[in-house]
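Letters go in sequence order (proteins before strands), and every chain restarts at 1.
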There are 2 protein chains.
Amino acid sequence: MDEERRFAEEVGVVLSGIGLPAAFGKLMGRLLICDPPQQSSAQLARSLGLSKGSVSTGMRALEQVGMVRRVPGAGRGHVYEMLPDALVRTVDARRVYLAIHALMQNGIDLLGGDESLPRAQRLRVSRDFYAFMAERIPQLIDEFARREGLT
Amino acid sequence: MDEERRFAEEVGVVLSGIGLPAAFGKLMGRLLICDPPQQSSAQLARSLGLSKGSVSTGMRALEQVGMVRRVPGAGRGHVYEMLPDALVRTVDARRVYLAIHALMQNGIDLLGGDESLPRAQRLRVSRDFYAFMAERIPQLIDEFARREGLT
DNA sequence: TGTATCGTTCAGAAGGTTTTGAATGTTAGG
DNA sequence: CCTAACATTCAAAACCTTCTGAACGATACA
């Protein structure tokens, strides 16, 4: 089944198109389509033509952002598997929203804290927008999870 | 007012923290806080300590993603100004959502198109999630725009 | 038309990131 | 204890991107 290889490859291309490492996307693509869902580092390296080092680095990154987890393997070592909410993580950038929110508030403070100043308007709207998103995106995600029965 | 310079600098740091070019963030930061809102390339280069080349490249990028527009200047040349919905653009990545949606559908097709297969479940949920987001994020943005009176 | 300012393009320099592969450590089973 | 497969780390190589600065082109005003 070399089509599966090409699928993972394609996910790599798309994700690298939005600024992520290619190996990251390939690994994600593989974990999306592989059977069984659990795969060892060696299997991933073989099926994707990546070095062990790249797999190690890539999987650590995927683990760190909470898209993948390690479980003890049947024999020796571990295997990796995608978490059910892996994709949700890609959209829930609350941390980023809040960082920008804080940045905008800084700017307003710099202008004397008077939000009614015309000059402060761009900053105020921006601040409010990111606050709005930080509140609403998680709600949206919850709604999807409930609808999909993912609890 | 060197604090304004530092503000732009700080926006640059935060945005480069999420993978964007530093110049991009600095320019955005400057356009958020500057007075008047319209600024020429030369002004931007001077106030940010960037080369003309960097400003040219950065502004072209900001224009291309629709965060900034060029308007004819009073004297010669043009000036740039932030668009009211500049920040909205940063969140409305519908194109990306739809690209991933298509990718997931590809994967399902590869498995024979049978969505009920356990093996296809990760792909199906992913596909549906991105479809959901592509539909809902714009609604969210509209809601904010209405609430804020931005039409 | 001449001049001065401004803007863009482009090639090279600088810097950073990813990928690799070898060395090292680890675990299971014989 | 020994072996074999596996996994991780790390330094070097390859690669890519950004930034700069000089050269070129354009525009407005005198």
Side-chain angles (χ1 to χ4, degrees), chain A residues 5 8-31 34 36 38-65 67-81, chain B residues 5 8-31 34 36 38-65 67-81:
Chain A
R5 166 78 178 269
E9 218 68 61
E10 187 65 21
V11 175
V13 169
V14 170
L15 293 212
S16 87
I18 58 175
L20 280 72
F24 196 93
K26 290 185 192 180
L27 289 164
M28 202 61 218
R30 181 74 195 134
L31 289 170
C34 64
Q38 294 81 21
Q39 298 273 304
S40 68
S41 285
Q43 285 176 313
L44 291 166
R46 264 196 304 274
S47 58
L48 292 169
L50 290 173
S51 73
K52 292 178 183 184
S54 292
V55 172
S56 182
T57 303
M59 292 313 289
R60 182 140 28 100
L62 284 167
E63 232 184 322
Q64 210 146 19
V65 296
M67 298 179 75
V68 151
R69 68 171 187 162
R70 283 162 69 137
V71 301
R76 56 194 150 281
H78 338 270
V79 290
Y80 293 100
E81 70 178 12
Chain B
R5 166 77 178 271
E9 217 68 63
E10 187 65 19
V11 175
V13 169
V14 170
L15 293 212
S16 88
I18 59 176
L20 281 73
F24 196 93
K26 290 185 193 181
L27 289 165
M28 201 61 217
R30 182 75 195 133
L31 289 170
C34 64
Q38 294 81 21
Q39 299 272 304
S40 69
S41 285
Q43 284 176 315
L44 290 166
R46 264 195 304 273
S47 59
L48 292 169
L50 290 173
S51 71
K52 291 179 184 182
S54 292
V55 172
S56 182
T57 303
M59 292 313 290
R60 182 142 25 100
L62 284 167
E63 231 184 322
Q64 208 146 21
V65 297
M67 298 178 75
V68 152
R69 67 171 188 163
R70 283 162 71 138
V71 299
R76 57 197 148 283
H78 339 269
V79 290
Y80 293 101
E81 70 179 13

Could you tell me how far apart A/K52 (NZ) and D/dA5 (P) are, to the nearest whole angstrom? 11 Å
Separation of B/L20 atom CG from D/dT17 atom C1', in whole Å? 13 Å
Measure CE/A/M59 against P/C/dT19 and give the value in whole Å, please. 14 Å
Ignoring backbone atoms, establish whether A/S51 has a side-chain N or O less than 4.0 Å from OP1 or OP2 of C/dG21. no
Between C/dT27 (P) and A/H78 (NE2): distance, integer Å: 8 Å
Quick one: is D/dT9 close enough that its OP1 or OP2 comes under 4.0 Å of any side-chain N or O from A/R60? yes
Using heavy atoms to find the nearest nucleotide of DNA chain C for A/G53 and B/T57 separately, return the residue whose nucleotide is more 5′. B/T57
Between B/L48 (CG) and D/dT18 (P), how many Å, whole number? 18 Å
Given A/R70, which of A/Q38, A/H78, A/E81 fulfils the side chain to side chain donor-acceptor pair (under 3.5 Å) condition? A/H78
For the pair made of CG in B/L27 and P in C/dG7, what is the distance, rounded to whole Å? 13 Å
Looking at A/E63 and A/R69, does any basic side-chain N land under 4.0 Å from a carboxylate oxygen? no
In whole Å, what is the span from the CD atom of B/Q64 to the P atom of C/dT8? 13 Å
